[in-house]
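By convention here, the first residue in the shown sequence is residue 1. All of these numbers come straight from a predicted model, not from anything done at the bench. Each ligand, and each atom within it, is numbered from 1 in the order the structure gives.
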Amino acid sequence: MVSRLILVLGDQLTETLSALVAGDKACDVVLMAEVRDEARYVRHHPKKIALIFSAMRKFATRLQTQGWAVRYTCYDDVENAGSIGGELLRRASEGGQSAVLVTQPAEWRLINALQDVPLHVEMLNDDRFIASPADFETWAAGRKSLRMEYFYRDMRRRTGLLMEGDKPAGGQWNFDHENRKPAPDSIAFSGPMQFEPDAVVSQVLMFVETEFCDHFGDLHPFWFATDRDQALCALGHFMAHALPRFGDFQDAMLIENRFLYHAVISPYLNIGLLTPLEVCRAAEAEWQAGHAPINAVEGFIRQIIGWREYVRGIYFMQGPEYTARNALGHKRPLPALYWGGETKMSCVAHAVTQTREEAYAHHIQRLMVTGNFALIAGIDPTALHEWYLQVYIDAFEWVEAPNTLGMSQFADGGIIASKPYVSSGAYINRMSNHCKSCHYSVAQKTGPGACPFNPLYWHFLLRHRDRFAKNPRMGNMYRTWDRMDEDRRKAVLQDADRVLAALDSGAVV
Ligand SMILES: Cc1cc2nc3c(=O)[nH]c(=O)nc-3n(C[C@H](O)[C@H](O)[C@H](O)COP(=O)(O)OP(=O)(O)OC[C@H]3O[C@@H](n4cnc5c(N)ncnc54)[C@H](O)[C@@H]3O)c2cc1C
Ligand code: SF4
């Protein structure tokens with residue numbers, strides 16, 4: 001048999017990866033490489049680099065113990081070619097291979113880079129996902145609107161998850177009306193399972209500390225799972241202690257509790273330590289055993305076989321140009337407060353501090369605090385996209401870009417979101433305890449002490465009236481505005497201009 005190189009990327013750390021299944025231990029050679037191009041295409045949070053390098057090193061060892069020949073390139077190896085393509089060529093010339101087997105990379109950047117490599121590169125479908133890009137296109141063909149809910153139902157039918165015959169378990173597809181309660185006074189979950197760095201992780205941490213010390217984010221304490229066994233423990237911990245309350249407080253935010261009942265498994269899913277189907281089957285088993293209610297389990301499964309699969313489908317269907325979309329023409333530079341610059345807005349300050357320290361914020365912090373503020377303030381969506389890609393441990397373009405540009409910023413013109421996710425301070429006040437200790441008053445609509453979300457919300461709606469006034473889900477908002485008295489409307493818009501001018505001048509907002 002002729003030897004091939006099997007390329008395993010840093011987000012492909014799954015033993016059942018299609019390229020490994022199709023490979024032959026007797027003659028093929030696995031190539032894994034920590035390369036400059038991947039570590040530096042944006043200034044990733046140091047925790048993210050530490051997670052990926054640690055997990056790659058441990059995965060390589062695991063493959064070796066299973067009998068694979070592995071060529072592993074560390075970041076500081078003197079011969080490191082600095083790019084995936086360069087490493088393929090270097091290892092191919094060492095080993096005499098001319099063919100490469102790889103599971104299709106998750107991002108256009110790497111797919112394109114591999115197409116330029118002068119070797120015979122065979123790309124296999126990434127069957128860790130339930131729907132392939134081709135499946136998604138088939139589902140999308142001929143549809144006027146691509147709402148996630150209908151795609152999700154198809155995924156339920158296809159996987160059989162929470163199905164009783166051809167009917168949804170519990171008689172409904174979606175139990176969201178029972179979810180999304182305001183923040184409770186206290187949380188009974190101690191948070192995600194944390195792990196002491198072992199020898200491999202400690203070595204990576206020392207290296208990341210010196211090499212990437214200028215990137216935004218705290219490296220220590222580092223407690224993430226870095227191999228499959230640990231990731232399975234973290235998953236089991238969530239299933240046993242948090243899943244039953246997952247749905248209830250999915251959208252809540254609490255200053256004292258950064259994780260509430262969230263799973264914090266996206267980093268493990270996104271690099272392959274866990275697979276979506278096994279995670280969903282584990283949740284379904286909790287419901288079948290009577291340990292977790294249907295609203296929690298359905299809500300959780302929907303995030304994974306619904307939203308996660310759906311955004312990947314959109315990413316591939318829309319092509320590499322998706323990340324340049326700016327349907328609303330927003331151009332304001334990203335204010336310094338996103339990098340930890342001073343702000344008097346308690347909700348934003350906490351979301352950014354938490355992001356710096358944990359490389360994690362949950363969905364509503366991303367969508368309704370940092371995302372919402374950027375949208376109503378008219379921030380350039382590309383700058384915001386780069387921020388999200390840099391600062392979160394689970395950020396990979398295929399999942400981050402549709403969430404940021406599509407769901408959060410309406411930059412794709414409404415492919416993902418049927419209306420923009422904008423709100424005044426009232427929503428944040430209802431779902432969190434941030435406003436109680438904020439410099440600003442959420443109840444105040446105008447004046448220097450008013451919550452900046454309040455005037456900016458109206459300013460956004462008026463800036464884009466032509467686009468949104470006819471949206472059936474937004475007509476009420478415009479009618480409310482039109483009913484306001486003239487002086488109040490003037491004061492609101494003047495306030496919004498004042499806040500925007502302060503952002504532009506670098507003053508503290
Ligand atoms: C602006 C913005 C940017 C985002 N960027 C990313 C990103 O870079 N990477 C990422 O994995 N998720 C991203 N999300 C989605 C979501 O916020 C995270 O998946 C979630 O916060 C991860 O934390 P968790 O594991 O505790 O999730 P939980 O709330 O416990 O949910 C369970 C799982 O469901 C999946 N999930 C939930 N919502 C989504 C979603 N909207 N899209 C895809 N999967 C979802 C995740 O795999 C998650 O682990 C983003 C959302 C927004 C609004
Ligand atoms: S008052 Fe406004 S800025 Fe302050 S925490 Fe509440 S929503 Fe955020």
Would you sort out whether F453 and F373 count as a ring-ring contact (aromatic ring centres under 6.0 Å, His included), showing the intermediate values? CA-CA 7 Å; F453 282 81; F373 186 76; 5.4 Å; yes
Taking non-hydrogen atoms only, is [X] closer than 4.0 angstrom to ligand 1 via side chain, backbone, both or neither?
X: Q250; value: neither
X: N270; value: side chain
X: D394; value: both

Which residue from [options] reaches closest to [atom] through any of its heavy atoms?
atom: atom 26 (O) of ligand 1; options: F259, Y360, F300; result: Y360
atom: atom 25 (O) of ligand 1; options: I301, V399, I265; result: I265
atom: atom 28 (P) of ligand 1; options: E400, M148, H262; result: H262
atom: atom 48 (C) of ligand 1; options: P276, G306, S266; result: S266
atom: atom 47 (O) of ligand 1; options: L243, V311, L269, V391; result: L269

Starting from [atom], which protein heavy atom do you reach first, and at what distance in Å?
atom: atom 37 (C) of ligand 1; answer: Q303 CB, 3.4 Å
atom: atom 24 (P) of ligand 1; answer: V264 N, 3.5 Å
atom: atom 4 (C) of ligand 1; answer: N403 CB, 3.6 Å
atom: atom 33 (C) of ligand 1; answer: I304 CG1, 3.7 Å
atom: atom 39 (C) of ligand 1; answer: W307 CB, 4.0 Å
atom: atom 13 (C) of ligand 1; answer: R366 NH1, 3.5 Å
atom: atom 17 (O) of ligand 1; answer: H363 ND1, 3.1 Å

Classify the ring geometry between F300 and F246 as parallel (under 30°), tilted (30 to 60°) or perpendicular (over 60°).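 Correct class here is perpendicular.
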Can you classify the ring geometry of F224 versus Y268 as parallel (below 30°), tilted (30 to 60°) or perpendicular (above 60°)?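 Perpendicular: the ring planes of F224 and Y268 meet at over 60°.
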Mind checking how many protein N/O/S atoms fall short of 2.8 Å from atom 8 (Fe) of ligand 2?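 If we list every protein N, O or S atom nearer than 2.8 Å to atom 8 (Fe) of ligand 2, we get 1.
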Quick one: ring pair (Phe, Tyr, Trp, His ring centres under 6.0 Å) partners of H291, sequence neighbours excluded?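 Counting only residues at least two positions away or on another chain, H291 forms no ring pair (Phe, Tyr, Trp, His ring centres under 6.0 Å).
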I'd like to know if E357 and R258 make a salt bridge, using a cut-off of under 4.0 Å between side-chain N and carboxylate O.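 Salt bridge present between E357 and R258.
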Is there a polar contact between ligand 1 and A263, counting only N or O atoms under 3.5 Å apart?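 Yes; the residue has a nitrogen or oxygen that sits under 3.5 Å from a nitrogen or oxygen of the ligand.
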Flag the pair Y388 / T370 as yes when at least one side-chain heavy-atom distance between them is below 4.5 Å, and no otherwise.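 A side-chain contact under 4.5 Å exists here.
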Would you say the side chains of S423 and N372 form a donor-acceptor pair under 3.5 Å?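 A donor-acceptor contact under 3.5 Å links the two side chains.
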Are E256 and N433 close enough that a side-chain donor and a side-chain acceptor fall under 3.5 Å?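 Checked: E256/N433 side chains pair up, N/O donor to acceptor below 3.5 Å.
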Which of the numbered atoms in ligand 1 are below 4.0 angstrom from a heavy atom of [X]?
X: T404; value: 1 (C), 3 (C)
X: R308; value: 43 (C), 44 (N), 47 (O)
X: L367; value: 53 (C)
X: M407; value: 41 (N)

Starting at [atom1] of [X], measure out to [atom2] of [Y] and round the result to the nearest 0.5 Å.
X: D497; Y: L456; atom1: CG; atom2: CG; answer: 9.5 Å
X: L503; Y: I379; atom1: CG; atom2: CD1; answer: 6.0 Å
X: R473; Y: S418; atom1: CZ; atom2: OG; answer: 3.5 Å
X: R245; Y: I187; atom1: CZ; atom2: CD1; answer: 8.0 Å
X: L273; Y: T226; atom1: CG; atom2: OG1; answer: 8.0 Å

Under a heavy-atom criterion of less than 4.0 Å, does Y421 contact ligand 1?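 Y421: no contact with ligand 1 (<4.0 Å).
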Could you tell me whether ligand 1 has any atom less than 4.0 Å away from a heavy atom of Y392?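 So Y392 does not count as touching ligand 1.
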Would R43 pass as a cation-pi partner of F216, given that its NZ or CZ must be under 6.0 Å from the six-membered ring centre and within 45 degrees of the axis?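 Output no; distance or angle outside limits.
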What residue pairs, at least two apart or across chains, pass ring-ring contact (aromatic ring centres under 6.0 Å, His included) with a residue in residues 395-429?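 Listed by first then second residue: F129-W398, F410-F468.
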Using the side chain to side chain donor-acceptor pair (under 3.5 Å) rule, collect all pairs that involve residues 295-313, keeping only residues at least two apart or in two chains.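 Every pair satisfying side chain to side chain donor-acceptor pair (under 3.5 Å) with a residue in residues 295-313: Y152-E298, N174-R302, D176-R302, N179-N295, D248-N295, N270-R308, E298-R302.
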Under 6.0 Å between the ring centres of F212 and H215?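 Between F212 and H215, the centre distance is under 6.0 Å.
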